[in-house]
Amino acid sequence: MSLVIYDTLRRDKVAFEPREPGQVSIYVCGPTVQAEAHVGHGRLAVVTDVLRRYLAWSGLDVTFVQNVTDIDDKIILRARREKVDPAVISTRYTRMWNATMDRLGVLAPDIQPLATGHLLEMHGLIAELIEQDKAYAVDGDVFFRVRTFEGYGKLSGRRIDDMQQGEDVVDADRKEDPLDFAMWKSAKPGEPSWPSPWGDGRPGWHIECSAMAAKHLGEGFDIHCGGLDLVFPHHENEIAQHEAAHGGTFARHWVHNGMVRMGEEKMSKSIGNVVSLSEAVEEWGVGPLRLWYLSAAHRSPLTFDTERLRDAAAAHQRLTTFLRSARRAADGAVADESAAQQHRDVFRAAMDDDLNAPQAVAALHELVSAGNDRLAAAEKGDDAARAEVAGLGDALVDMGDGVFGLGLEEALADAAALERQLEPLVGQLLDQRRQARADKDFAAADRIRDQLASAGVVVEDRPDGPRWYVGAAAPE
RNA sequence: GGCGGGGUAGCCAAGUGGUAAGGCAGGGGACUGCAAAUCCCCUAUCACGGGUUCGAUUCCCGUCCCCGCCUCCA
């Protein structure tokens with residue numbers, strides 16, 4: 001493992017050094033469960049999933065924590081609109097989030113802590129900060145005294161005095177300083193609240209992550225992930241809360257993913273240009289969608305549009321087609337592990353270099369090119385070629401599915417199940433077609449082929465006879 | 001205004017001080033009854049202007065343009 005990764009705090013690529021050799025702890029800021037996940041959330045999910053898979057693939061033992069923010073202004077607003085309890089909203093969207101993640105092929109977190117389940121931990125942290133005079137309570141609200149933390153701004157590269165203060169600072173009348181932020185918000189009529197030493201209320205947004213990350217991963221855990229748009233103020237405040245209270249280092253590495261754009265704009269709920277993640281998975285399929293996510297470096301912006309998704313789908317098909325051909329041509333041959341060594345090395349080098357997914361995907365394509373080159377020989381029964389093709393296919397699955405979660409093997413298995421069902425029907429049609437071709441009635445033969453194609457059955461005429469399979473339905 | 005990230009072929013996108021991966025699309029050829037799959041071949045003076053250097057797309061300075069954060073946001 002010699003991963004080098006860009007660390008937002010140090011503003012540079014740095015060698016990844018886990019706190020404990022061989023073990024990695026990752027905390028990811030999860031969703032505020034107030035609406036369906038959109039394609040932007042999917043990027044966070046895939047980037048962190050690939051990071052996690054890659055570390056595990058490299059032999060490390062990964063503990064992955066992603067929280068759920070289940071209490072917040074927007075949840076309350078939505079509940080009020082729908083005239084239901086806020087917990088109904090948070091429960092609904094937590095379930096939807098998890099279901100969508102599952103369909104996206106994202107591994108479930110080892111721990112998925114809820115904000116409302118960690119109020120005691122938050123209270124402890126807040127009390128500690130008050131004790132140290134780094135926070136103060138005013139009429140049931142508790143604010144963090146930003147100017148007492150000298151490291152404030154180190155993550156986002158801001159100097160406190162440069163910060164522009166908008167005219168509409170929330171709670172300006174009660175804050176000592178407009179920069180201060182709420183850790184505990186006093187109960188408002190009609191809002192859910194919990195008891196606390198400072199009166200009934202609910203937690204501020206930032207406190208939950210400080211408290212839950214420390215509780216589940218301990219101080220100085222390895223990697224904190226989130227969207228680039230959370231750097232300030234959310235992550236900055238997480239650091240301030242933890243480090244002001246305990247000293248030390250909150251997280252060793254900060255990894256942020258870039259935004260998804262629609263055209264030239266960020267995809268964002270407030271702009272209202274969001275595309276539902278579950279609909280995107282439905283429309284494009286897991287593999288193509290994930291390949292699209294991996295088509296740009298993880299910090300770069302990535303644009304969502306039909307043409308790019310189509311490109312990704314075509315590229316994905318190239319991988320699947322090779323795997324199908326390789327499996328068939330290998331015909332049970334013992335894989336030649338060395339066949340893919342070079343491609344594994346390139347893949348690993350690319351991933352080690354700041355998770356350079358575009359380059360790693362290129363390595364997969366080069367593997368496919370090498371495999372395609374040997375396919376003809378393998379199909380003719382050349383034993384060495386069969387072993388090579390088998391080895392390349394295995395390596396493609398190992399990297400493409402194991403690290404990138406492309407679901408290549410699964411797609412083939414799904415197709416195979418359909419093929420078994422369709423066998424009698426397709427067999428009969430192909431018999432008719434064989435007869436038509438023998439009679440030189442190519443119009444009839446082509447009609448049959450077209451009919452099968454419209455049902456997703458692809459027919460290829462080979463020197464040794466027709467071959468067919470259920471192809472991925474190409475989205476239009 | 002402050003901070004940060006970018007401008008590479010028709011599109012997407014890596015990358016390097018010694019004339020630039022990969023995918024998609026396109027063109028030509030092989031194979032095919034025609035296709036499909038596959039193979040071979042073709043398609044970039046790296047935003048602009050200076051500078052450093054034997055040599056810069058890659059380093060430095062400037063200019064133009066784009067995007068993100070600075071308020072909720074993955």
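Letters A, B, ... mirror the listed sequences (proteins, then strands); counts begin at 1.
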### Message
Using a strict threshold of under 4.0 Å (side-chain N to carboxylate O), is an ion pair present between A:E236 and A:R158?
### Response
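No.
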#### Entry: Under 3.5 Å donor-acceptor pair, A:N356 side-chain atoms to B:G15 base atoms
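Result: no qualifying N/O pair found.
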Partner nucleotide, any strand, of [N] [Watson-Crick/G-U, under 3.5 Å]:
N: B:A20; value: none
N: B:C69; value: B:G2
N: B:U38; value: B:A30

### Query
Pick the nucleotide of RNA chain B nearest each of A:F322 and A:A312; which residue has the one closer to the 5' end?
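Its nearest nucleotide being more 5', the pick is A:A312.
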### Contact nearer the 5' end of RNA chain B, comparing A:H38 with A:R159
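Taking each residue's closest nucleotide, the earlier one in sequence belongs to A:R159.
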Counting only side-chain N and O atoms of [X], is one of them less than 4.0 Å from OP1 or OP2 of [N]?
X: A:H365; N: B:G22; value: no
X: A:R318; N: B:G23; value: yes
X: A:R158; N: B:C3; value: no
X: A:K266; N: B:A74; value: no

### Task
Tell me yes or no: between the side chains of A:Q435 and A:D431, is some donor less than 3.5 Å from an acceptor?
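Distance-only check fails for A:Q435 and A:D431.
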### Message
Any donor-acceptor pair under 3.5 Å linking the side-chain atoms of A:Q241 with those of A:N237?
### Response
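No donor-acceptor contact under 3.5 Å links the two side chains.
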### Query
Are any non-hydrogen side-chain atoms of A:L155 and A:E238 less than 4.5 angstrom apart?
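Result no, sub-4.5 Å side-chain heavy-atom pair not found.
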Looking only at the side chain of [X] (C-beta and beyond, no hydrogens), which of the listed nucleotides [options] gets closest?
X: A:A362; options: B:G15, B:C34, B:G22; answer: B:G22
X: A:M259; options: B:G15, B:G68, B:G22; answer: B:G68
X: A:F232; options: B:C70, B:A14, B:C11; answer: B:C70
X: A:E460; options: B:A14, B:A74, B:A36; answer: B:A36
X: A:V260; options: B:G15, B:C11, B:A74; answer: B:A74
X: A:N372; options: B:C34, B:A13, B:C39; answer: B:C39

### Nearest-Å distance once atom P is located in both B:C42 and B:C61
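It works out to 39 Å between them.
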### Message
Classify A:T8 by what it touches in the nucleic acid, base, sugar-phosphate, or nothing, heavy-atom distance under 4.0 Å.
### Response
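The residue A:T8 makes no contact with any strand.
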### Query
Roughly how far apart are A:M351 CE and A:L3 CG, rounded to 0.5 Å?
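If I round to the nearest 0.5 Å, the distance is 8.5 Å.
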### Query
When the distance from CZ of A:R328 to P of B:U38 is rounded to whole Å, what number comes out?
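From A:R328 CZ to B:U38 P: 14 Å.
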### Query
Could you give the CG-to-P distance, from A:L289 to B:C12, as a whole number of Å?
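Whole-Å distance recorded here is 19 Å.
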